[in-house]
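Only this structure's heavy atoms are used, side chains among them; waters, hydrogens and symmetry mates stay out. Naming convention: chains lettered A, B, ... in sequence-line order (proteins, then strands); numbering from 1 in each chain.
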2 protein chains.
Amino acid sequence: MPSTPRPGETGAAQVRHGLRAAILHGEYLPGERLVEAQLIERFDASRFTVRAALHSLATEGLVVLEHNRGAQVRKVSLREALEITEVRMVLEGLIAARAAERVTDRQASELAEIGVLMRHAVEAEEHFRYSDLNHRLHSLLREIAAHETADQIVETLRGQLVRHQFMLSVLPGRPQVSLPQHERIIAAVRARDPKAAESAMREHIASVFEALRTLDYLSGPA
Amino acid sequence: MPSTPRPGETGAAQVRHGLRAAILHGEYLPGERLVEAQLIERFDASRFTVRAALHSLATEGLVVLEHNRGAQVRKVSLREALEITEVRMVLEGLIAARAAERVTDRQASELAEIGVLMRHAVEAEEHFRYSDLNHRLHSLLREIAAHETADQIVETLRGQLVRHQFMLSVLPGRPQVSLPQHERIIAAVRARDPKAAESAMREHIASVFEALRTLDYLSGPA
DNA sequence: CTCCAGCAGATTGTCAACAATCTCGTCAGC
DNA sequence: GCTGACGAGATTGTTGACAATCTGCTGGAG
């Protein structure tokens, strides 16, 4: 599946999106070399196009380029993952605050609905469903906040974290911890209280931060 | 001055730095087209190299690329400038908090020194000197915090703001407003009080935010 | 006088070939 | 048996030429 070819897009953007998706899906692991010839075959693109995509992803921080040694998927150390999570904490805090200022009645009930579904998912122990709702919640908040700059940075950072976040979602007991946090965020935004929304979001991500740090001891200093 | 040629660097990075510096210095104005042929001559580089640099700066947000229409310096609207300032507010808040946790005695006295020099500069109405010290203060805080992720994002955003910040520094009365704010930040970091440092920094940049917004009415909706 | 089609010049997008560099296996010397 | 130099193969860096597209001008029709 060489990614749906979008007619409106130039080849470079197609390859970039495809490769980005592949890395995010874990098809290429951190540290793995991205050989141009392979990518040319996979995406049926020219070397020029592949090269442009690699450079672009390098600036985005998803791959690293070394002179005369080509590209490889960037390894994100746990220290970096923690830094990224800290940055996400303050940025999503900003987003939550703005969402509380701008939320419409319609959006407020959408939030409420997600909250209810989340509780059901946790009670039924449907972890995948809960993880999906989690994503929808953060996504909806960003949509409500309509803060392009913060939005784009958060999205970029999320890309760099995929592997670590995957590990997190496996941690048992997490949903029970995060559900009330999510509910507090939803309540604060619905109450149109920016400060409460920001601090609820920050506490939530701070708890993710701690969980990530704990994970370090579990997996050891690889 | 085609930028000092660094021997250790590949051509692409040289052109990128040079062009970046040129844009930041205002040699190319927002909206101005960056014609490849001109850049080839200016930096004495190949088209390939110039192209890579443009793509890189595009991902960084300093230029925009349109298909078959080449590159131009990105115009940052006031709305975007305000968004960027908000993001800087929370990120530099995080940096200030971390700086308060990690500051050494030696760094603390460096901060104190900058504070004294700032006061002198304001009293002597040496605006340029104050602006320089301002830069040094924020820079030192980032060094103390040693938060690579936040640091890099802030630096990138600062680049996108150059034009607007230039306008700000011209505003009369600003130093009198910002001096006490700076002093509070320094005091909080020296007291090793993360929360106080964060809120002092946030208040400072929130005030910059308001000043920027005011500027809108002065210059009109161009 | 105004508007639209068509053309020439300029500019960018793409490609294929060549040059430089690195990696890794091999072999001679100690 | 071990160390280090050598070289073939693989991979990336760079260049120049060619194709596609856009922009602004010219000229004719209404």
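Distance B:Gln72 CD to D:dT23 P: 11 Å, rounded to the nearest Å. The CD-P distance, from B:Glu41 to C:dT11, rounds to 12 Å in whole Å. In this structure, B:Arg51 atom CZ and C:dT11 atom C1' are separated by 10 Å, rounded to whole Å. Whole-Å rounding puts the B:Glu36 CD to C:dG13 P distance at 6 Å. Atom-to-atom, NE2 of B:His67 to P of D:dT23 comes out at 13 Å; the value is rounded to the nearest Å. For the pair B:Leu34 CG and C:dG13 P, the computed distance is 13 Å after rounding to whole Å. Counting to the nearest Å, the P atom of C:dT11 and the CG atom of B:Leu39 are 12 Å from each other. Rounding to whole angstrom units, CZ of residue A:Phe48 and P of D:dG13 are separated by 14 Å.
In the model, B:Ser77 has a side-chain atom that pairs as donor or acceptor with a side-chain atom of B:Glu80 under 3.5 Å.
Under the 4.5 Å side-chain criterion, counting only non-hydrogen atoms from C-beta, B:Leu94 is in contact with A:Val87. Side-chain atoms of A:Gln72 and A:Val63, non-hydrogen and from C-beta on, never get closer than 4.5 Å to each other.
Between B:Ser46 and D:dT14 there is no side-chain polar atom (N or O) within less than 4.0 angstrom of OP1 or OP2. Taking side-chain N and O atoms only, A:Arg69 has a distance below 4.0 Å to OP1 or OP2 of C:dT23.
Ion pairing between a basic and an acidic side chain is recognised when a charged N comes within 4.0 Å of a carboxylate O; A:Glu36 and A:Arg51 show such pairing.
Here B:Leu65 lies out of heavy-atom contact (under 4.0 Å) with every strand.
Considering only side-chain atoms of A:Thr49, the nucleotide from D:dT11, C:dC15, C:dT12 that sits closest is C:dC15. Comparing D:dC22, C:dC22, D:dT15 by their nearest atom to the side chain of B:Asn68 picks out D:dC22.
When each of B:His55 and A:Arg33 is assigned the nucleotide of DNA chain C bearing its nearest heavy atom, the one mapping closer to the 5' terminus is B:His55.
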Requested in this report: Please lay out, stage by stage, how A:His135 and A:Tyr130 fare under the test side-chain hydrogen bond (donor to acceptor under 3.5 Å, both in side chains).
Outcome: CA-CA 9 Å; A:His135 184 65; A:Tyr130 180 67; over 6 Å; no
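For B:Arg47 against C:dG13, a side-chain-to-base donor-acceptor contact under 3.5 Å is present.
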